[in-house]
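The chains referred to below are lettered A, B, ... by the order of the sequence lines, with proteins before strands, and numbering in each begins at 1. Treat the numbers as computed from the prediction; the structure is a model and nothing was measured.
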There are 2 protein chains.
Amino acid sequence: MPTRILIYEDNEALRRGLEELLLLSEEFIVGGAWENCLHAAGDVREYNPDVILMDIDMPGMTGTAAVKEIRRFNKEVAILMLTVFDDNKHVFDAIRAGASGYLLKKNVSDRLIPFIKEMLDGGAPMSPAIAKMVVSSMQQPATADYNFTVKEKEILGLLCKGNSYKMIATQTNLAFETIRSYIKNIYEKLQVHSATEAVSKTINERLL
Amino acid sequence: MPTRILIYEDNEALRRGLEELLLLSEEFIVGGAWENCLHAAGDVREYNPDVILMDIDMPGMTGTAAVKEIRRFNKEVAILMLTVFDDNKHVFDAIRAGASGYLLKKNVSDRLIPFIKEMLDGGAPMSPAIAKMVVSSMQQPATADYNFTVKEKEILGLLCKGNSYKMIATQTNLAFETIRSYIKNIYEKLQVHSATEAVSKTINERLL
DNA sequence: TTTTTTGTACCCCAATTCGGGGGATCAGCA
DNA sequence: TGCTGATCCCCCGAATTGGGGTACAAAAAA
């Protein structure tokens, strides 16, 4: 059973090239190729493809926006983003929107087919530069050490879940005033002066 | 100039296997291979390798902990994690600690050398299953829509940075009571009853 | 053994936040 | 034209939080 593919790419030469490349192999059927993704969601409902090749930057509607729409009703189809950009924002937006893989256009000729196969195998193929960005974004920038004790961490954790002092006291079987003591120490160490600051700093710097 | 490599792997057979594999090629020199990573930081300082192969699960000290130590003083060396696990926690901990790549042991024989080369090229090679996990972890699980107005989002944003009502009032040129008004509406929409809850929910669900 | 740290708990006072009420425009829409 | 939604402002009272202390026992460190 051949793999059914839709293509959205505004550069005509590249669009044709992609079609040609896929048609060389018996395994693929190109169900359509358009220069914008305005009706992509409709196309997907109608054609129900296995794979979509989606340019990121197209006139009228970005590929990322189209991916968001498609993902609202279809989690299955493998969506490979094609782009010349390797800047953070575009890539992360697309990944968050639900793209399955990410291919830089300069790598298309030799990687397109393997990437499509890897997506169909449930993988998430990325050009090396993209993989590097993704991994880097997850790495902690040498998280400052605030020297919390175990108990302090526990209480800060509860605070960050939105608990009031009272609720924390109940859950830890400690006195209300004890909780206040701990929180005062925590604020001192964190150099903050309110619960919102503490919560925001804790979550954003992944302190727990 | 050959690539200098250190190995930490508690399974003796695999450790030998890795050495053999690398020694087949003139490009690599194995500077040492140990069954635990207790003195890994010292080894790295002393030998200054280009690449480290690091098992995740070893007796005495986990590979992830060793990576953290090494990264404190060396951001350059490429560290490839080796593991049988493909469960979330181990993988993410290692990535966050500063691993450069992630190879499942079942893929070692055919991928070790290409992965090492990709790391040296500044990439972040991952076994397909790992790449999939990493990408999945970044995707938004269809963020609930709380129907905030533009103004409400602005104020919620300021609240999440740790600002007090007063500070928000100053920064927006609005009256203190106006801010209170907005925040009451925001709490209503978010179904929360305190700033900490609101901040925690907003950040964790990436609402802004 | 003395000192320091950690964990626990309490007091007072002032500032801030929260929940309940109002109300006033103004724009767009039915 | 009346209605709804968004934006703006105010009062009251109660609850919660923030900052300054003190106290003491147990554990850890010196």
Please confirm whether any donor atom in the side chain of Thr178(B) sits under 3.5 Å from an acceptor in the base of dC10(D), or the reverse. no
Spacing between Ile183(A) atom CD1 and dA15(C) atom P, to the nearest angstrom: 21 Å
For the residue pair His39(A) and Tyr8(A), categorise the inter-ring angle as parallel (less than 30°), tilted (30 to 60°) or perpendicular (more than 60°). tilted
What is the separation between atom NZ on Lys184(B) and atom P on dG21(C), rounded to the nearest whole Å? 10 Å
5'-most contact on DNA chain D (nearest-nucleotide basis), Val150(B) vs Lys166(A), goes to Val150(B)
Rounded to whole Å, how long is the line connecting atom CG of Asn163(A) with atom P of dT17(D)? 10 Å
Check: dC8(D) base within 3.5 Å donor-acceptor of Glu177(B) side chain: no
Evaluate the side chain to side chain contact (heavy atoms under 4.5 Å, CB included) criterion for residues Leu174(B) and Lys151(B): first the C-alpha distance (whole Å), next the side-chain angles of each, then the deciding distance (0.1 Å), finally the verdict. CA-CA 11 Å; Leu174(B) 292 174; Lys151(B) 215 68 189 180; 4.0 Å; yes
Below 4.5 Å, heavy atoms only, C-beta onward: do Leu159(B) and Thr202(B) meet side chain to side chain? no
How do Leu159(A) and Glu188(A) order along DNA chain D: which one's closest nucleotide is nearer the 5' end? Leu159(A)
For atom NZ of Lys68(A), is the number of surrounding heavy atoms from other residues, nucleotides or ligands below 6.0 Å larger than 12? no
Can a donor-acceptor pair be found, under 3.5 Å and without considering hydrogens, that links the side chain of Glu9(A) to the backbone of Asn11(A)? yes
Rounded to whole Å, OH of Tyr182(A) lies from C1' of dC10(C) at a distance of 14 Å
Euclidean distance, atom NZ of residue Lys153(B) to atom P of dT7(D) [Å, nearest integer]: 11 Å
Residues in contact with DNA chain C, drawn from residues 192-208 of chain B - heavy-atom cutoff 4.0 Å: His193(B), Ser194(B), Ala195(B)
Per the under-4.0 Å heavy-atom filter, residues of residues 168-176 of chain B near DNA chain C come out as none
Backbone N/O of Asn74(A) and side chain of Arg71(A): donor-acceptor pair under 3.5 Å: yes
Please confirm whether the backbone N or O of Leu190(A) pairs with a side-chain atom of Lys201(A), one donor and one acceptor, at under 3.5 Å? yes
Could you tell me how far apart Leu158(A) (CG) and dT16(D) (P) are, to the nearest whole angstrom? 17 Å
Looking across every strand, which nucleic acid part, if any, lies under 4.0 Å from Thr149(A) by heavy atom: base, sugar-phosphate, or nothing? sugar-phosphate
In whole angstroms, how far is the P atom of dT25(C) from the NZ atom of Lys151(B)? 20 Å
Under 3.5 Å side-chain donor-acceptor pair for Glu177(B) and Tyr182(B): no
For Ser181(B), report the nucleic acid contact type (base, sugar-phosphate, nothing); a contact means any heavy atom under 4.0 Å. base
